[in-house]
Amino acid sequence: MEIVDLNAAAPYDPARFVAEAVASRQHGTVRIIRLAPGQALPPHTHGASDLFLYVAEGDAVLETDGGSRLFRAGELAVLTGAEELRVSNAGEAGVTLLAFLAPPFPPAKN
């Protein structure tokens, strides 16, 4: 067992968004993503990995092939790796997301 202190992860960076792995095992990866006001993740997919994206703090905008919607603290989006998404922070406070990816993304190199 491993306990991960998410408070020890990289803080908000006004110059660029933060996206770092905080836990990884054979069958999955967890990343913390921090978006300062005005920042966005570019449109992207996750290949063969399913994505479970949880808003831990703040309110973001989630854009997918199905449209755009407010994505609030406490909500969980479930996406296949083929679904393109973009997340942005148009608010005045930071947004913290937890991205659970299975299998791990990017894929392990053999």
Side-chain angles (χ1 to χ4, degrees):
M1 181 180 85
E2 176 183 2
I3 302 293
V4 176
D5 181 0
L6 297 178
N7 295 310
Y12 292 101
D13 182 342
R16 62 173 187 81
F17 67 82
V18 172
E20 69 177 38
V22 293
S24 189
R25 292 288 185 261
Q26 179 181 358
H27 300 290
T29 301
V30 180
R31 294 181 162 273
I32 191 166
I33 300 163
R34 296 194 196 271
L35 300 173
Q39 293 179 338
L41 295 176
H44 66 287
T45 61
H46 293 94
S49 298
D50 288 331
L51 170 66
F52 303 86
L53 189 61
Y54 178 74
V55 184
E57 174 182 58
D59 293 336
V61 174
L62 174 64
E63 299 174 44
T64 67
D65 296 339
S68 178
R69 72 177 303 276
L70 187 59
F71 192 34
R72 298 177 180 209
E75 292 185 325
L76 176 72
V78 180
L79 300 110
T80 67
E83 290 179 275
E84 185 175 89
L85 74 141
R86 178 177 187 264
V87 180
S88 60
N89 179 0
E92 296 180 15
V95 171
T96 298
L97 307 165
L98 292 176
F100 301 85
L101 296 133
F105 184 87
K109 295 178 182 172
N110 294 332

Could you check V87 against L97 for side chain to side chain contact (heavy atoms under 4.5 Å, CB included), going step by step and ending with a plain yes or no? CA-CA 10 Å; V87 180; L97 307 165; 3.8 Å; yes
Set out, in order, the CA-CA distance, both residues' side-chain angles and the distance that settles side chain to side chain contact (heavy atoms under 4.5 Å, CB included) for S68 and L62, then state yes or no. CA-CA 6 Å; S68 178; L62 174 64; over 6 Å; no
Which residues satisfy the side chain to side chain donor-acceptor pair (under 3.5 Å) test with S49, sequence neighbours excluded?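 Result, side chain to side chain donor-acceptor pair (under 3.5 Å) vs S49: none returned.
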Quick one: side chain to side chain donor-acceptor pair (under 3.5 Å) partners of E2, sequence neighbours excluded? R25
Do L51 and L85 pass the side chain to side chain contact (heavy atoms under 4.5 Å, CB included) test, and can you show the C-alpha distance, the side-chain angles, and the key distance before you say yes or no? CA-CA 10 Å; L51 170 66; L85 74 141; 3.9 Å; yes
What closest approach, in Å, do P11 and R34 show between heavy atoms, and which atom pair accounts for it? C-CD, 3.8 Å
Identify the two heavy atoms, one from P37 and one from G91, that lie closest to each other, and give their separation to 0.1 Å. CB-O, 3.2 Å
Determine which pairs satisfy ring pair (Phe, Tyr, Trp, His ring centres under 6.0 Å) with at least one residue from residues 49-102, sequence neighbours left out, and list them in order.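 Counting only pairs at least two positions apart or across chains, no ring pair (Phe, Tyr, Trp, His ring centres under 6.0 Å) contact touches residues 49-102.
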Pairwise ring pair (Phe, Tyr, Trp, His ring centres under 6.0 Å) hits with a residue in residues 6-40, at least two apart: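 Found none.
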Going by the rule side chain to side chain contact (heavy atoms under 4.5 Å, CB included), which residues pair with [X] if we only count those two or more places apart in sequence or in a different chain?
| X | value |
| --- | --- |
| T45 | E84 |
| N7 | D5 |
| S24 | T29 |
| A23 | V4, V30 |

Rounded to the nearest 0.5 Å, the CG atom of L53 sits from the CZ atom of R31 at a distance of 12.5 Å
Neighbour count above 12 (heavy atom, 6.0 Å) for E20 CD: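 Enclosed: over 12 neighbouring heavy atoms sit under 6.0 Å from CD of E20.
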ring-ring contact (aromatic ring centres under 6.0 Å, His included) with F105: which residues, sequence neighbours excluded? H46
Contacts of D59 that satisfy salt bridge (charged side-chain N to carboxylate O under 4.0 Å, His left out) - sequence neighbours left out: none
Look only at the side chain of Q39 and the backbone of R16, and say whether a donor-acceptor pair between them is shorter than 3.5 Å. yes
Residue pairs involving residues 63-80 (criterion salt bridge (Lys or Arg N to Asp or Glu O under 4.0 Å); sequence neighbours excluded):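 The answer is E63-R86, R69-E75.
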Do S88 and L35 have side chains that approach each other closer than 4.5 Å (heavy atoms only, starting at C-beta)?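 Heavy-atom side-chain distance check fails, nothing below 4.5 Å.
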Report yes or no: do L76 and L6 belong to one cluster of Ile/Leu/Val/Met/Phe/Trp/Tyr joined by side chain heavy-atom distances under 4.5 Å? yes
Is I32 reachable from L79 through a run of I, L, V, M, F, W or Y residues, each pair having side-chain heavy atoms under 4.5 Å apart? no
Which of these, V95, L41, V55, sits in a side chain to side chain contact (heavy atoms under 4.5 Å, CB included) with I33?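 Exactly one pass, corresponding to L41.
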